[in-house]
Amino acid sequence: MNKREHFVNSPHTGFHLNLQIIADDFAEKKEDVSILCREDPLTLDGLRIYQAGALLKPCYLYLVFGNSLSESFLRYQNIAFVVVGSGDLSCFSESCRILHIKGTLSFSEIFNQIQQTFDRYSDWDSKLQLALGSIDPLNEMLEASLDIFHNPVFAHDTNFYILSSPRHVTGMSEWVHDQRTGRLIAPLSLIQDFKLDAEYQRTLITHGANIYSEELRGYRILYMNLWVSGNYQGRLCVDELQTEIQPGHFSALEYLGSFIELCIRRHNLFQISMGNDSRQFFTEYLSGKLTELQAVTDQIQYLNWNRHDRYLVLRLETQQQDDRMHSSIATLGHIEAQIPEGLAFTYQQGIVVIVNLSFKHSVSSDVIRSLAIILREGLFKMGVSSEFRDFLLIPQGYIQAVSALRLGKKSQSMAWCYHFDAYLLEYMLSQISHQICPELLVSSRLDALQNYDRKNNTELYHTLKVYLEHERNSLQTARELFIHRSSLTYRLERIQKLTKVDLDNPKDRLLLQLCFLLQEKDQTVT
């Protein structure tokens with residue numbers, strides 16, 4: 001099936017037909033038709049019966065008997081004809097367009113059927129024009145389009161919310177109810193199937209009407225991405241479930257799409273107002289662009305939250321980052337359906353969820369558990385901040401969630417969720433050595449032990465490390481080192497003499513333990 005090359009229809013010029021659209025109607029009735037032309041532009045406004053000597057216009061389609069053709073037709077240029085019955089088609093110039101009908105239909109039956117096709121598209125065009133001024137233009141447009149495509153038609157936005165689906169037939173996806181918005185949305189399993197499908201990912205950048213193959217859904221989908229000012233706004237779809245999609249349907253879908261894009265510009269059809277302002281606020285808040293306390297206070301009041309409620313920040317990233325993020329965006333509604341007390345939005349090639357735990361007296365473990373299926377099916381990893389009690393600390397909570405995710409991934413753990421509290425020490429060590437390398441931070445006292453060990457082939461450095469790990473328990477330390485307690489006592493005396501460290505001082509012990517950890521971290525990186 002080839003898509004037509006010339007698309008001139010728009011809401012401002014009205015819908016014009018071409019020979020392909022006329023032929024499609026005959027083909028559906030199994031009539032023997034063929035098209036002969038170099039190009040088939042969308043320019044036809046009506047049907048006329050051919051009369052010899054009359055002035056012919058390119059905007060009309062002329063009906064003529066095949067047995068009446070003669071060389072006199074060579075004088076016509078850029079005219080469209082319907083030839084009924086057998087005839088010498090070489091009588092036409094190459095610039096003319098010919099629809100040849102060779103079946104058993106009578107002249108009057110052909111005339112009436114073609115006229116009905118013009119009438120049906122004219123009536124559809126009128127309904128689309130009227131819908132532009134209605135309060136519910138999208139539903140009216142898609143309802144009017146059912147008789148054009150003879151298949152279910154629906155539209156969804158970037159989040160996979162179903163904006164209109166006037167006819168549901170057997171085989172279509174069953175939309176699910178989103179408790180947060182009250183809207184219908186594609187099921188999460190379907191969204192994840194699309195997310196992992198290479199063909200679907202390629203469709204996200206297409207313009208004009210295209211076919212999505214039956215490989216994933218079991219039937220083909222004629223679709224058109226909706227773009228406004230270069231931004232993807234959603235998708236218009238025709239499921240091939242009742243009749244076969246015809247070549248002329250490409251032009252019709254693009255015409256319908258042009259109306260919907262016009263409505264988006266006029267009415268902002270595809271924007272779900274709930275949460276959009278809040279998402280913009282949090283995007284600016286996390287990036288540091290918004291610093292005015294009054295703006296923060298206004299947002300708290302808008303959300304009906306309190307500044308000192310209990311808060312949690314989550315950071316989700318897919319294992320395979322996608323710059324377009326369309327598929328991940330579709331997950332937002334499902335996340336918020338599971339966490340009514342949270343707000344999810346995309347930020348820095350991932351998803352952020354701000355959770356108010358006080359809203360429904362929630363527990364952080366329950367919140368995390370509620371996302372288990374979404375994270376598993378979406379191949380997400382998640383970082384979780386500490387719980388905190390000040391809205392003003394949300395940007396710091398985001399840093400915690402990001403750090404937990406980064407450190408958790410680095411640990412090569414098979415877990416899908418990483419808590420900041422579990423990686424607090426690793427985070428502190430990374431921050432300690434952020435500007436000064438670990439080698440310069442490690443106490444010179446440890447250097448003294450290592451130098452002594454190298455010169456004397458001793459193990460004072462390792463002895464001190466094990467001694468501190470066992471919280472100065474001499475018996476356990478001696479057992480691990482496989483030495484006698486008297487030997488351990490000798491080593492400890494030697495260590496304190498070389499380092500001048502007071503092992504009874506908690507601060508000295510803490511400093512030494514941090515130095516050991518920093519040195520291990522430096523050796524691991526190296």
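Because the structure is predicted, anything quoted here is derived from the model rather than measured.
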Ignoring hydrogens and geometry, is there a side-chain-to-backbone donor-acceptor pair from Lys381 to Ala415 under 3.5 Å?
yes

Is it the case that the side chains of Gln396 and Gln400 hold a donor-acceptor pair, with the cut-off being a distance below 3.5 Å and no angle test?
no

Look at Glu387 together with Arg310 and state whether they make a salt bridge at an N to O cut-off of under 4.0 Å.
yes

Check whether any side-chain N or O of Asn18 sits under 3.5 Å from a backbone N or O of Thr43 as a donor-acceptor pair, and report yes or no.
no

Please find the pair of heavy atoms, one from His419 and one from Cys417, that lie closest to each other, and give the distance.
NE2-SG, 3.8 Å

Check whether any side-chain N or O of Ser145 sits under 3.5 Å from a backbone N or O of Met141 as a donor-acceptor pair, and report yes or no.
yes

List the steps and the verdict of side-chain contact (heavy atoms from CB on, under 4.5 Å) for Tyr311 and Asn356.
CA-CA 5 Å; Tyr311 293 101; Asn356 185 331; 3.8 Å; yes

What are the two closest heavy atoms between Leu290 and Phe281, and how far apart are they?
CD1-CD1, 3.6 Å

What closest approach, in Å, do Leu42 and Ser251 show between heavy atoms, and which atom pair accounts for it?
CD1-OG, 3.7 Å

Ile35 versus Ile98: any side-chain heavy-atom pair under 4.5 Å?
no

Evaluate Ile221 against Glu214 for side-chain contact (heavy atoms from CB on, under 4.5 Å), listing each step before the verdict.
CA-CA 7 Å; Ile221 301 173; Glu214 68 276 10; over 6 Å; no

With a 3.5 Å distance limit and no angle check, can you tell me whether Ser95 reaches the backbone of Asn78 through a side-chain donor-acceptor pair?
yes

Tell me yes or no: between the side chains of Ser213 and Glu199, is some donor less than 3.5 Å from an acceptor?
yes

Where Gln242 and Pro152 come nearest, the two heavy atoms and their spacing
OE1-CD, 3.6 Å

Test item: Asn159 side-chain N/O and Tyr161 main-chain N/O as donor-acceptor pair under 3.5 Å:
no

Min side-chain heavy-atom separation Ser258-Glu254 under 4.5 Å
no

If you measure from the Lys or Arg side-chain nitrogens to the Asp or Glu carboxylate oxygens, is any gap between Lys289 and Glu284 under 4.0 Å?
no

Test item: side-chain donor near acceptor, Thr203 and Arg235, under 3.5 Å
yes

Are Glu28 and Phe26 close enough, and set up right, to give a side-chain contact (heavy atoms from CB on, under 4.5 Å), and what steps lead you there?
CA-CA 5 Å; Glu28 286 184 353; Phe26 284 97; over 6 Å; no

Return the set of residues passing side-chain contact (heavy atoms from CB on, under 4.5 Å) with Asp390 (not counting sequence neighbours), or none when no residue passes.
Arg307, His308, Leu392, Leu393

Where Ser386 and Phe420 come nearest, the two heavy atoms and their spacing
OG-CD2, 3.5 Å

Take Trp227 and Tyr232 through the test ring pair (Phe, Tyr, Trp, His ring centres under 6.0 Å) and record every step on the way to the result.
CA-CA 5 Å; Trp227 303 88; Tyr232 174 77; 5.6 Å; yes

Just by modelled atom types, is the Gln116 backbone N or O under 3.5 Å from a matching donor or acceptor in the Tyr121 side chain?
no

Would you say Asp24's side chain and Gly248's backbone share a donor-acceptor pair under 3.5 angstrom?
yes

Can you tell me how the ring of Tyr212 sits relative to the ring of Tyr200, calling it parallel under 30°, perpendicular over 60° and tilted otherwise?
perpendicular

With distance as the sole criterion, is a donor-acceptor pair present between the side chains of Tyr418 and Ser411 under 3.5 Å?
no

Electrostatic pair Lys409-Glu317, nearest N-O below 4.0 angstrom:
yes

Taken in chain and number order and not counting sequence neighbours, the residues that satisfy side-chain hydrogen bond (donor to acceptor under 3.5 Å, both in side chains) with Tyr398 are Arg315, Gln348

Just wondering, do Phe154 and Val238 contact through their side chains at under 4.5 Å, heavy atoms?
no

Heavy atoms from other residues, nucleotides or ligands near CG of Leu425 exceed 12 (cutoff 6.0 Å):
yes

When rounded to the nearest 0.5 angstrom, what is the spacing between CG in Leu17 and CD1 in Ile114?
10.5 Å

Side-chain donor-acceptor contact under 3.5 Å, Asn225 with His207:
no

Quick check: do His100 and Leu19 have side-chain heavy atoms less than 4.5 Å from each other?
no

Kindly say whether Leu128 contributes a backbone atom to a donor-acceptor pair with the side chain of Asp125 at under 3.5 angstrom?
no

Please confirm whether Trp124 and Phe15 have ring centers closer than 6.0 angstrom.
yes

Partner set under side-chain contact (heavy atoms from CB on, under 4.5 Å) for Thr243, not counting sequence neighbours
His150, Asn151

Side-chain heavy atoms of Ile211 within contact of Ile245, under 4.5 Å
yes

Looking at Asp40 and Arg38, would you say the former's side chain and the latter's main chain have a donor-acceptor pair under 3.5 Å?
no

Please answer whether the main-chain N or O of Val355 pairs with a side-chain N or O of Glu341 as donor and acceptor at a distance below 3.5 Å.
no

With the side chain counted from C-beta on, respond yes when Val83 and Phe92 share a heavy-atom pair under 4.5 Å apart, and no when they do not.
yes

May I have the step-by-step check of side-chain contact (heavy atoms from CB on, under 4.5 Å) for Ile351 and Phe345, ending in yes or no?
CA-CA 6 Å; Ile351 293 176; Phe345 56 96; over 6 Å; no

Is it true that Arg120 and Asp25 make a salt bridge, defined as a side-chain N closer than 4.0 Å to a carboxylate O?
yes

Centroid separation under 6.0 Å, is that true for the rings of Tyr423 and Tyr427?
no

Residue pair Tyr223 / Thr206, side-chain heavy-atom distance below 4.5 Å:
yes

Cut-off 3.5 Å, side chains only: do Asp197 and Gln201 have a donor facing an acceptor?
no

Is the closest side-chain heavy-atom distance between Leu44 and Arg97 below 4.5 Å?
yes

